[in-house]
Q: 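Below: one structure in structure tokens.
A, B, ... follow the sequence lines: proteins, then strands. Residue 1 opens every chain. Values below: all heavy atoms of this structure, side chains included; hydrogens, waters and symmetry mates excluded.
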Amino acid sequence: MTSAVRVRFAPSPTGFLHIGGARTALYNWAFARHHGGTLVLRIEDTDPERSTAENTDAILRAMRWLGLDWDEGPEIGGAYGPYFQTQRFDRYSALLEQLKTSGHAYPCFCSPETLEEKRNAARTRGGFAGYDRTCRTLAPAEVAGRVAAGESHVWRLKVPQDRGDITFIDAVRGEVVFPPDAVDDFVLARTDGSPTYNFAVVADDVDMAISHVIRGDDHLSNTPKQIVVYEALELPIPIFAHLSMILGADGKRLSKRHGATSVEAYRDLGYLPEVLMNYLALLGWSLDGETTILSAKTLCENFSLDRISKNPAIFDEEKLAWMNGVYLRDMPAEEFVRRMMPSLEDAGLITAEEAAEDGRAKWLLKLAPLLQERTKQLPEVVGMVRFLFQAPSIDPTAQEKVLEKDGAGVALDAAVDTLTLVEPFEHTAIEAALREVPGRIGAKPKDVFQAVRVSVAGGTVSLPLFESLELLGKDTTLARLAAARQMATD
RNA sequence: GGCCCGUUCGUCUAGCGGUUAGGACACCGCCCUCUCAAGGCGGAGAUCACGGGUUCGAAUCCCGUACGGGCUACCA
């Protein structure tokens, strides 16, 4: 029998949920779901300087938006709480007491300044730059005296001198070996009694019965330290899996320089949550090397740690945009209308109330498929549909190249004549009528269509012409053709 | 400086001793076509970072080197 899978995502609320964190959360989630396990969300807010409640909220919001749910944690509760580190200080003290009584922790009175000096000296000399263990060998009587006298001190872990190499099997990188001096007698509890990261993480992972620690690569070097704490506590060590970094287009660590780095920024850019999930799933993991479009369900069914790649990956926004287009094209028109409405509202083209009217709803439904084929990011629709709501200003280049071309006026006159007769004003009938025009006036089809397009949409690029005219309606179409006729050359 | 990790088309990746090194994005061309897209077809693009081994045979295993990254705090 295998023990229950319990994993955790442990963000520190010092900022929004960024792309890298989201992927870590996603992999933990997928792993938990695959095994029918539990995903714990734990907030590592022990840094009072940088942690805020707003950031916590933003992180939860971003996770929910992405489609990630957790089984224990903020807003949910659970049997292993509390899930904020700042609420768990009594647990850290209890564990620290345990280490003190078992002789695995000792007080250190060295001042930060001396430590700094020693560290610098050691580093310029080359080699081991960890704590030199000065206070480890203090006489018990002296220690007791100084503590009693109220001298400030931290508590350090007494790492066994004969520990030897620290080896563990990382689920993605395989066997990783650290030499003994990779771990010094590091600080467990600060002068003020608060726990340091490497101690708090272990305490929490122990208390929350975490079975697999799936986290960023930047923690790989912290792992041996944590292992030593597990050993001091005489507790089983979880399985570790370290994910490599996500980089910007220049191969550097993703940062503000690269534009959007937070999940919510991508939401605001018009990306669908399922697309971001799909893209992130494949940025460092693969199903079979062939599949590029996959659902959350497929992800969860197939996710495994051994298919996570070891090397860092560059975040390719172009591929993300392509993928967004794929999803946008494949969704039902109703859904597309729903998703694009905020963009249209923001642009002041149509209100939600108007869109809900029966006639408008049907009209939008007809419009949707035309947009779905050419949209990668939702806000792009605004530029494509504006001419349907407002009279266009004719693009000067288009005017010169199309309307001022010889025969444009004749073509527009002919178009007006035939369109006036089209009833009902529906795109197949419009197309049939317009296709007769070139032959009748001795012009090329392309010239006629482009003249109409520029007149009606303002430029040489637009949604498909015949459908556009139908959407516009006969009156508006004829009015725009008449207006453009003024600028056209016979 | 020390320790650890990584290195397959521009990018994401498949590959886990024997393949014409496969797919996707991007790029180029053709087709379709009322423009733009979408779609279809095709193309270019990787001496698998480099150098040594091991092996009949290495992108795959081992050792070095180079480059990139991480850790080296009373940050997380």
Side-chain angles (χ1 to χ4, degrees), chain A residues 10-12 14 44-47 49-51 85 108 110-112 115-116 119 122-130 152-156 170 173 176-179 181-184 186-198 200-201 216-225 242 244-245 247 249 251-253 279 282-293 307 309-323 325-326 329 370-376 384 398 402 431 434-435 445-450 452-454 457 459-466 468:
Chain A
S12 166
T14 54
E44 307 209 329
D45 56 351
T46 52
D47 182 351
E49 302 284 301
R50 299 187 295 152
S51 302
Q85 286 190 324
C108 168
C110 298
S111 74
L115 292 174
E116 171 96 39
R119 195 157 43 231
R123 199 169 302 190
T124 50
R125 218 183 310 118
F128 183 65
S152 69
H153 58 279
V154 300
W155 284 87
R156 291 183 178 274
D170 187 280
R173 335 197 80 101
V176 182
V177 183
F178 286 86
D181 66 4
V183 179
D184 66 350
F186 65 93
V187 175
L188 298 170
R190 305 182 182 103
T191 308
D192 66 2
S194 65
T196 57
Y197 170 76
N198 281 307
V201 184
D217 192 277
D218 45 341
H219 292 296
L220 188 59
S221 303
N222 285 324
T223 307
K225 297 179 188 175
H242 288 94
S244 58
M245 207 122 271
L247 309 172
K252 303 273 190 211
R253 197 179 179 139
Y279 180 73
L282 261 16
L283 196 67
W285 176 83
S286 64
L287 204 180
D288 53 16
E290 309 278 297
T291 308
T292 54
I293 302 295
R307 290 196 64 84
S309 64
K310 301 176 182 46
N311 34 355
I314 291 175
F315 189 79
D316 182 2
E317 206 168 328
E318 269 190 296
K319 190 162 184 172
L320 178 68
W322 163 78
M323 196 177 275
V326 171
R329 252 172 265 134
L370 307 181
L371 296 171
Q372 287 179 263
E373 257 182 18
R374 49 211 106 210
T375 307
K376 282 183 177 169
M384 292 190 268
V402 178
E431 175 166 6
L434 243 25
R435 283 203 187 278
K446 191 168 277 189
D447 291 336
V448 174
F449 297 144
Q450 281 301 73
V452 174
R453 184 191 313 282
V454 171
T460 53
V461 174
S462 81
L463 295 180
L465 187 58
F466 314 120
S468 294

Q: Please measure how far the P atom in B:A14 lies from the corresponding atom in B:C56, and state the result in whole Å.
A: 30 Å
Q: Considering only the C1' atoms, how many Å lie between B:A38 and B:G70, rounded to the nearest integer?
A: 44 Å
Q: Return a single string for nucleotides 34-42 of chain B, one symbol per nucleotide in 5' to 3' order, where B is base contact, S is sugar-phosphate-only contact and - is none, cutoff 4.0 angstrom on heavy atoms.
A: BBBBSS---
Q: With rounding to whole Å, what would you report as the distance between B:G39 and B:C25 at their P atoms?
A: 9 Å
Q: Is A:Thr196 reaching over with its side chain to a backbone N or O of A:Val187, donor-acceptor style, under 3.5 angstrom?
A: yes
Q: Who are the salt bridge (charged side-chain N to carboxylate O under 4.0 Å, His left out) partners of A:Arg435, not counting sequence neighbours?
A: A:Glu431
Q: In whole Å, what separates the P atom of B:G64 from that of B:G69?
A: 22 Å
Q: Could you check whether the rings of A:Phe449 and A:Phe466 sit parallel, tilted or perpendicular, using 30° and 60° as the cut-offs?
A: perpendicular
Q: Whom does B:A46 pair with, Watson-Crick or G-U wobble, provided both distances fall under 3.5 Å?
A: none
Q: Who is the Watson-Crick or G-U wobble partner of B:U7, with both distances under 3.5 Å?
A: B:A66
Q: When rounded to the nearest Å, what value does the distance between P atoms of B:A21 and B:C16 take?
A: 14 Å
Q: Suppose we define a pair by two distances each less than 3.5 Å, Watson-Crick or G-U wobble; what does B:C56 pair with here?
A: B:G18
Q: For B:A46 and B:C4, measure between their C1' atoms and round to the nearest Å.
A: 29 Å
Q: Expressed as a whole number of Å, how far does the C1' atom of B:G15 sit from that of B:C61?
A: 15 Å
Q: Which nucleotide, if any, forms a Watson-Crick or G-U wobble pair with B:U35, using both distances under 3.5 Å?
A: none
Q: Within the sub-3.5 Å range, which N or O atoms of nucleotides 11-15 of chain B have a protein N or O partner, and how far apart are they?
A:
residue: B:C12; atom: OP1; partner: A:Ile314; partner atom: N; Å: 3.1
residue: B:C12; atom: O2'; partner: A:Leu282; partner atom: O; Å: 3.2
residue: B:U13; atom: OP1; partner: A:Gly284; partner atom: N; Å: 3.0
residue: B:U13; atom: OP1; partner: A:Ser309; partner atom: OG; Å: 3.3
residue: B:A14; atom: OP1; partner: A:Ser286; partner atom: OG; Å: 3.2
residue: B:A14; atom: O3'; partner: A:Arg307; partner atom: NH2; Å: 3.4
residue: B:G15; atom: OP1; partner: A:Arg307; partner atom: NH1; Å: 3.0

Q: For the P atoms, the ones on B:A37 and on B:A26, what distance do you get once it is rounded to whole angstrom?
A: 12 Å
